[in-house]
Amino acid sequence: MTQVADRSVIMRLMFGAWLQQALYVVAKLDVADALAEGPTDIDTLAKRVGADPAALARFLRALISAGVFEEPETGRFALNGPAEYLRSTVADTHRYIAVLHGEEAYAACAEALHTARTGKPAFDKVYGRPYFEHIALDPEARATFDAAMGERTTVPVVVGQCDFGTEGVVVDVGGGTGSLLAQALSGRPGLTGVLYDLPESSADARANVERLGLADRIRVVGGSAFDEVPAGGDVYTISRVLHDFDDEQTLTILGNLRRAMTPGARLMVFDALLADRPGFNPGRMADLGMLMVLGGRYRTEAELRDLLGRAGFRVVEVRHARGADPRAESVLEAVPR
Ligand SMILES: C[S@@+](CC[C@H](N)C(=O)[O-])C[C@H]1O[C@@H](n2cnc3c(N)ncnc32)[C@H](O)[C@@H]1O
């Protein structure tokens with residue numbers, strides 16, 4: 001009996017890449033949105049999403065065998081609970097992250113062995129340049145990345161628990177399209193923001209800040225945190241950025257933050273913290289992804305505290321998002337020592 005169970009575990013893992021690609025295909029083709037109005041026959045569905053009916057049915061049946069989607073009658077497909085998360089409009093949609101994982105990140109895995117042997121990102125070997133350089137040069141890849149990051153802004157559960165003060169400037173380093181800043185400034189008219197990210201993301205960031213009606217309160221500044229961080233902030237935030245980088249790079253960013261900050265300024269580091277848990281651990285998967293794609297790493301609270309200490313900060317408070325969501329994030333608040 002034990003042997004049979006063990007074999008099925010291995011079988012499932014061996015087919016992991018196929019399954020991930022099946023998830024990618026349905027996410028990219030927007031199959032879940034096309035099924036939003038109810039069970040649909042495969043010909044109609046395939047026409048709606050621009051797919052070959054026989055092939056699409058096979059992708060869907062593979063996913064059904066893994067618990068996503070249903071086939072209530074032969075040839076008619078429907079959403080089930082997990083498939084609902086692939087709809088683009090639900091609050092906690094996973095559609096865009098499924099697309100992100102299925103494109104360059106997936107292709108990079110072809111050189112996983114290179115990462116295991118050298119400790120270097122597989123992505124750089126496959127694409128000939130680091131990930132952020134790549135997406136800076138490929139607007140479609142950048143848009144996919146931003147859509148996936150934007151989708152994950154349910155995090156501000158923790159942002160909602162933070163004290164940004166009522167007056168002053170919040171500088172968000174690696175702030176993406178500005179969702180965190182928008183939340184920090186919401187209901188606090190005395191605060192203004194600086195959205196600092198790579199220059200190539202500035203146009204999208206500006207457009208989003210305008211869309212949010214915050215162009216008069218948020219200044220978008222393009223630059224690299226490896227070179228410098230804008231001075232003059234009262235609160236500095238850095239959300240889901242440090243896990244993109246190895247310890248040496250992280251110390252460079254934290255050092256630039258420390259130099260930009262006056263003694264009274266505060267730093268809030270938002271990130272998912274690595275923790276051991278029995279069974280399937282999404283944190284370990286995300287950590288492997290960081291290793292292969294960016295050469296980055298997720299860290300335990302102790303590891304992050306250690307880096308902050310080495311960069312000249314003193315951690316004054318740590319808050320964890322509540323709930324069992326594996327993407328639940330934490331915030332470490334620190335001040336210059
Ligand atoms: C994982 S995203 C996080 C975005 C946003 N802070 C959030 O929490 O959704 C990482 C961000 O860091 C930015 N980034 C990467 N390298 C950077 C650098 N050297 N300097 C400034 N920002 C950088 C990326 O452009 C991207 O917007």
Side-chain angles (χ1 to χ4, degrees), residues 92-93 96-97 100-101 104-105 121 123-124 129-139 141-160 162 170-185 193-209 212 218-230 233 235-246 248-257 259-260 267-273 286-287 289-290 293-299 321 327-332:
D92 194 16
T93 176
Y96 301 99
I97 200 100
L100 182 73
H101 282 198
E104 282 93 341
F123 186 93
D124 300 22
R129 55 192 180 210
Y131 180 74
F132 281 117
E133 238 175 87
H134 173 77
I135 64 171
L137 296 166
D138 182 334
R142 177 81 215 188
T144 303
F145 176 78
D146 284 339
M149 292 307 116
E151 147 185 328
R152 294 171 67 225
T153 44
T154 42
V155 191
V157 180
V158 201
V159 173
C162 291
V170 181
V171 181
D172 191 18
V173 176
T177 51
S179 313
L180 188 151
L181 261 188
Q183 169 140 354
L185 266 53
V194 174
L195 177 51
Y196 186 61
D197 206 296
L198 294 169
E200 47 276 13
S201 75
S202 298
D204 285 353
R206 269 194 199 95
N208 199 46
V209 164
L212 296 168
I218 295 179
R219 192 161 57 90
V220 177
V221 177
S224 170
F226 287 121
D227 300 331
E228 61 172 347
V229 167
V235 173
Y236 282 79
T237 53
I238 185 160
S239 160
R240 306 187 199 122
V241 174
L242 298 183
H243 66 234
D244 288 341
F245 301 110
D246 65 23
E248 200 182 318
Q249 293 170 311
T250 297
L251 283 170
T252 302
I253 294 175
L254 291 176
N256 286 338
L257 271 160
R259 267 183 288 284
L267 169 66
M268 296 177 187
V269 179
F270 296 88
D271 222 323
L273 298 177
D287 183 52
M290 283 303 135
V293 177
L294 291 163
R297 63 183 314 143
Y298 279 93
R299 297 180 172 88
R327 297 173 307 154
E329 304 193 19
S330 304
V331 57
L332 275 72

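We count ligands from 1, going down the list as the structure has it; atoms in each ligand are counted the same way.
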Between Y236 and V229 (side chain of the first, backbone of the second, donor and acceptor by atom type, cut-off under 3.5 Å), is there such a pair? no
Does ligand 1 come near enough to R240 that some N or O of the ligand is less than 3.5 Å from an N or O of the residue? yes
Look only at the side chain of D244 and the backbone of G296, and say whether a donor-acceptor pair between them is shorter than 3.5 Å. no
Does S201 approach ligand 1 within less than 4.0 angstrom via side chain, backbone, both or neither, non-hydrogen atoms only? neither
Are the charged groups of R142 and D146 less than 4.0 angstrom apart, N to O? yes
Residue that, paired with L267, satisfies side chain to side chain contact (heavy atoms under 4.5 Å, CB included) out of T237, L254, V171, V173: L254
With sequence neighbours left out, what residues match R299 under salt bridge (Lys or Arg N to Asp or Glu O under 4.0 Å)? D247
Under 4.0 angstrom from ligand 1, any heavy atom of L198? yes
With atoms numbered from 1 as shown, which atoms in ligand 1 lie under 4.0 angstrom from a non-hydrogen atom of G176? 27 (O)
D244 heavy atoms within 4.0 Å reach ligand 1 at atoms 1 (C), 10 (C)
Which ligand 1 atoms are under 4.0 Å away from a heavy-atom of F245? 16 (N)
Flag, side chain of Y131 to backbone of D124, donor-acceptor distance under 3.5 Å: no
Relative to atom 25 (O) of ligand 1, which among I135, V159, T177, D197 owns the nearest non-hydrogen atom? D197
Would you mind listing which atoms of ligand 1 come within a distance below 4.0 Å of any non-hydrogen atom of R142? 25 (O), 27 (O)
Measure the acute angle between the ring planes of F245 and F132, then classify it against the limits of 30° and 60° as parallel, tilted or perpendicular. tilted
Sequence neighbours excluded, the answer for side chain to side chain donor-acceptor pair (under 3.5 Å) partners of N208 is R211
Report, in ascending order of atom number, the atoms of ligand 1 lying under 4.0 Å from any heavy atom of F145. 1 (C), 2 (S), 26 (C)
Near F226, which atoms of ligand 1 are under 4.0 Å from a heavy atom of that residue? 19 (N)
Who gets closest to atom 3 (C) of ligand 1 by heavy atom: G222, A225, S239? S239
